[in-house]
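Beneath this line is the structure, given in structure tokens, with notes to follow.
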Amino acid sequence: MNNVSAQGLTLLIKASKTFPAGFQVSVFADDVDPFDIEDLNVAEAAMDMNGNMRTWSTPQPQPMAIAVLPGSDEDNNLTVLLEANTPSKGRMPANDVITIVGMYGNGKRVTAREGVILGGSRGLSVASAGRLKSKTYNFVFQTFDIGR
């Protein structure tokens with residue numbers, strides 16, 4: 001029998017300037033996917049005019065999204081990271097180089113390195129059900145390792 005439970009997942013997020021020692025994420029959203037490692041296309045294909053297929057490899061950055069409960073310590077830290085890396089008039093962004101290590105309850109691990117934060121929600125949105133919406137933060141990484 002295969003156990004596919006995600007219980008026990010924790011993330012360690014390090015940002016070169018804003019959080020060099022890192023912080024843990026263990027409180028996740030319950031209304032959207034809490035930790036999403038997006039699918040990746042590693043090759044492209046096309047057909048020439050005679051129906052011959054051609055393929056080529058295309059290196060791609062690895063997108064990742066983390067959704068947390070609004071107002072949690074995790075949300076507060078991710079908001080600080082987002083704000084530090086948001087350019088604005090008269091202020092340069094931190095340009096953090098980000099590493100995320102995901103540790104699963106079953107002992108498996110993933111490590112994403114040489115990343116940046118792409119975006120996230122700066123405010124508190126409200127769902128029609130009357131609760132605060134979970135906040136999602138988007139990242140992309142150059143290096144991605146799957147531990148066993």
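Heavy atoms only: backbone and side chains are in, while hydrogens, waters and symmetry mates are out. Count residues from 1 along the sequence.
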Can you tell me how far the [atom1] atom of [X] sits from the [atom2] atom of [Y], to the nearest 0.5 Å?
X    : Y    : atom1 : atom2 : answer
D33  : T136 : CG    : OG1   : 9.0 Å
M103 : T111 : CE    : OG1   : 8.5 Å
F28  : L9   : CZ    : CG    : 4.0 Å
L118 : L82  : CG    : CG    : 10.5 Å
T10  : Y104 : OG1   : OH    : 10.5 Å

Please say whether more than 12 non-hydrogen atoms of neighbouring residues, nucleotides or ligands are located less than 6.0 Å from [atom1] in [X].
X    : atom1 : answer
Q60  : CD    : yes
D48  : CG    : yes
R131 : CZ    : yes
M47  : CE    : yes

query: Looking at L78, D96, T18, which one forms a side chain to side chain contact (heavy atoms under 4.5 Å, CB included) with I13?
result: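 Between I13 and the candidates, side chain to side chain contact (heavy atoms under 4.5 Å, CB included) is satisfied uniquely by L78.
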- request: Show the numbers, then the answer: is there a side-chain contact (heavy atoms from CB on, under 4.5 Å) between D145 and R109?
  value: CA-CA 9 Å; D145 300 316; R109 165 185 304 236; over 6 Å; no
Measuring only between side-chain heavy atoms, which start at C-beta, is [X] closer than 4.5 Å to [Y]?
X    : Y    : value
F19  : I98  : no
I100 : V25  : no
T99  : S16  : no
E74  : S26  : yes
V126 : L124 : no

[X] and [Y]: which non-hydrogen atoms are nearest, and at how many Å?
X    : Y    : answer
G22  : K14  : CA-CG, 3.7 Å
S72  : L69  : OG-O, 2.8 Å
A112 : F144 : CB-CD1, 3.9 Å
A65  : N138 : CB-OD1, 3.4 Å
G123 : S121 : O-OG, 3.1 Å
A29  : S134 : CB-OG, 3.2 Å

Kindly say whether [Y] contributes a backbone atom to a donor-acceptor pair with the side chain of [X] at under 3.5 angstrom?
X   : Y   : value
N50 : N52 : no
R91 : T86 : yes
N85 : N95 : yes

task: Begin from the C-alpha positions of D73 and F23 and carry the test side-chain contact (heavy atoms from CB on, under 4.5 Å) through to its verdict.
output: CA-CA 10 Å; D73 289 342; F23 63 92; over 6 Å; no
Is [Y] reachable from [X] through a run of I, L, V, M, F, W or Y residues, each pair having side-chain heavy atoms under 4.5 Å apart?
X    : Y    : value
I37  : I117 : yes
V116 : V80  : no
I146 : F141 : yes

message: Quick check on side chain to side chain donor-acceptor pair (under 3.5 Å): which of E114, Q62, R113 does T143 satisfy it with?
response: E114
